[in-house]
Amino acid sequence: MAGRINDEDVKAVRDAVPIDAVVSEYLQLRNAGGGNLKGLCPFHDEKSPSFQVSPSKGLFHCFGCQEGGDTITFVMKIDHLTFSEAVERLAGQAGITLRYEEGGYNPSHQRGERIRLVEAHKVAAQWYAEQLATSPEADAGRVFLAERGFDQAAAEHFGVGYSPQGWDHLTRYLRGKGFSDKELLLSGLAQEGRRGPIDRFRGRLMWPIRDIGGEVVGFGARKLYEADNGPKYLNTPETPIYRKSQVLYGIDLAKKDIAKASRAVVVEGYTDVMACHLAGVTTAIATCGTAFGTDHIKILRRLLMDNGSARVIFTFDGDAAGQKAALRAFEDDQKFAAETYIAIAPDNMDPCDLRLAKGDEAVADLVEPRTPLFEFALRQIVSRYDLDTPAGRAAALDEAAPVVARIKNSGAQHEVAVQLAGMLGILDTQFVVKRVGQLARWARERGGGDRGPAPGGSRQQQYAPAPAAPSGPSLTLRNPVYATERELLKLALQRPELVSPAFDAYGVDEFTAPPYAAVRQAILDAGGAEHGVEDPQEYLVRVREAAPDDTVRAMVTELAVEAIMRRAVDEVYAGEVLVRVRRRAVERRIRDIHATFTRLGNGGDPAQLATVQNELWVLEKYDRALRDHGAAAL
């Protein structure tokens, strides 16, 4: 059993790997002000970015779904890793050798399952690439690439390799590297044979499929020999690290340019991605043996930031299969805020063939936005009907109008309805517009708000996330008491040097909102805000660990990331907030004492009355000092 990772090493990993560098591998981040960054949350669907990263604190928090934590937490959640696996991955990136509290360090036995499977794929990818470059048997693969315009340099850039025709070449090689048969079978690199595991891929050209973080998680294998009775393309099966609906080939190479250009080009195959990138279209990606779907959209939206100026261009063959694929893509069009287009090459050539026939410029020209996807979809529908007859026009309208009614942006919906009238040759444009509007209303009344347009607003507005379920008691921040308590806790977490040591003398009961009282208790249990002056990041780690449950932990993270409500945050402002919270606590106690006086009345015990009166006198004097002298009286 793996030992516990040394606490000092965990801290070293947290300190060594900047959280913004890790998060930006998965989504585009932009300046959010106050030293924070923002982006579309990778853990829930949203239209406006509510996911914030604080590089100085090493924390992230989503104000939409309440997910939050540090760099290790992010890697755990995004890639479904255990704590140890996440630390091991980050340590590998930072070049940190981990120590284990029990049993020493044994990398071949103490790595988590996912880490081991990724390592097996990394080793396999390197071995396949060496076979393509040096093995005489791989000549068929080199010829295949050369005939499509790819030299050895291109193969190396994309990591293309070759799997030998023998039964167990890779299996024996990976065994020699310390991988078990169980790991090889679980990874999908091997399959059960009559006498034990054998290679899954044999005699094929191999494309490594990487996740958005750049890790090899699977392979796409192209048949080279007539004697091979398998399919033309054979992909890695579903495994703990590979889900074909959640990966995009080339995304590791394209992600930065997609974010920079706010544009993505979706092509159909591995060689098409290669051809586009070599032609200068470095935003090209492809699905891996499956249709472009919802999970692929989520990946792109996080990179595009899903603003209205973003573009997604689909390239499909002009044949029936390509048209069907384009119509499937249109099914999900409204899940983008980006504008979607379709590009079909002349003579139905794919980008790889087009590059061979007409050169790089033709490929670059192909993917310039031409036809909006909705227009293509409508033309495909309309083309199936005889528009020279009233019955044909009516039937085409019956099929096309519901498609237009699904467009969420009401302004765009009206414009497309007018275009549809022109396509059909219907002179009464308003008749078509009203028909579309009626269908949209019916969809909303049936509860099909996701398929019909919402009235008014832009596409961005229509995709605002549903309010997240509140975690813990709800808070009305318009209440000045709650707002001030929240501000003080933000200062204590983000700028402890401004409120220490005064803050550590504040009681938990001085925070009237239960969630804030719980955060105050967590700070107390972590040793107080004064500990944050020396090592702010470690202090936040300790406070989060001291939280009694995930709800309080999420609140700690939220308060540590949320912007302080003052542009100039200094000792003066911190003192004002400290005083406001303390004075309200004093005022509450004064009210309680007055209530005690009323209850005791004139017949009360004189000694008890004297004690209460003395406390009242002390509190009233303290309140006047706070009012007159501010933080100096604390």
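Just so you know, these numbers use all the heavy atoms, side chains as well, and skip hydrogens, waters and symmetry mates.
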Mark yes or no for whether Arg301, through its side chain, and Glu46, through its backbone, hold a donor-acceptor pair below 3.5 Å.
-> yes
His296 side chain vs Gly293 backbone, donor-acceptor pair below 3.5 Å = yes
Any chance you could lay out the side-chain hydrogen bond (donor to acceptor under 3.5 Å, both in side chains) test for Arg311 and Ser262, step after step, and finish with the verdict?
-> CA-CA 6 Å; Arg311 300 285 184 268; Ser262 286; over 6 Å; no
Are any of the side-chain nitrogens in Glu119 or Arg116 under 4.0 Å away from the carboxylate oxygens of its partner?
-> yes
Is it true that Arg14 and Glu538 have a side-chain N and a carboxylate O under 4.0 angstrom from each other?
-> no
Residues at least two apart in sequence or cross-chain that pass ring-ring contact (aromatic ring centres under 6.0 Å, His included) with Phe60, listed by chain then number, are Phe51, Phe74
Salt bridge Asp535-Lys11, side-chain N to carboxylate O under 4.0 Å = yes
Are Asp257 and Thr282 close enough that a side-chain donor and a side-chain acceptor fall under 3.5 Å?
-> yes
Can Arg553 and Asp549 be counted as an ion pair, charged N to O under 4.0 angstrom?
-> no
Sequence neighbours excluded, which residues qualify as ring-ring contact (aromatic ring centres under 6.0 Å, His included) partners of Tyr128?
-> Phe219
Is it true that a side-chain atom of Asp211 and a backbone atom of Glu215 form a donor plus acceptor pair closer than 3.5 Å?
-> yes
Mark yes or no for whether His169, through its side chain, and Gln165, through its backbone, hold a donor-acceptor pair below 3.5 Å.
-> no
Among Tyr162, Phe201, Tyr270, which one satisfies ring-ring contact (aromatic ring centres under 6.0 Å, His included) with Trp207?
-> Tyr270
Which of these passes side-chain hydrogen bond (donor to acceptor under 3.5 Å, both in side chains) with Arg355: Asp350, Asp272, Asp360?
-> Asp360
Asp228 and Lys223 ion-paired at < 4.0 Å = no
Any side-chain donor near an acceptor of the partner, His61 and Gln52, under 3.5 Å | no
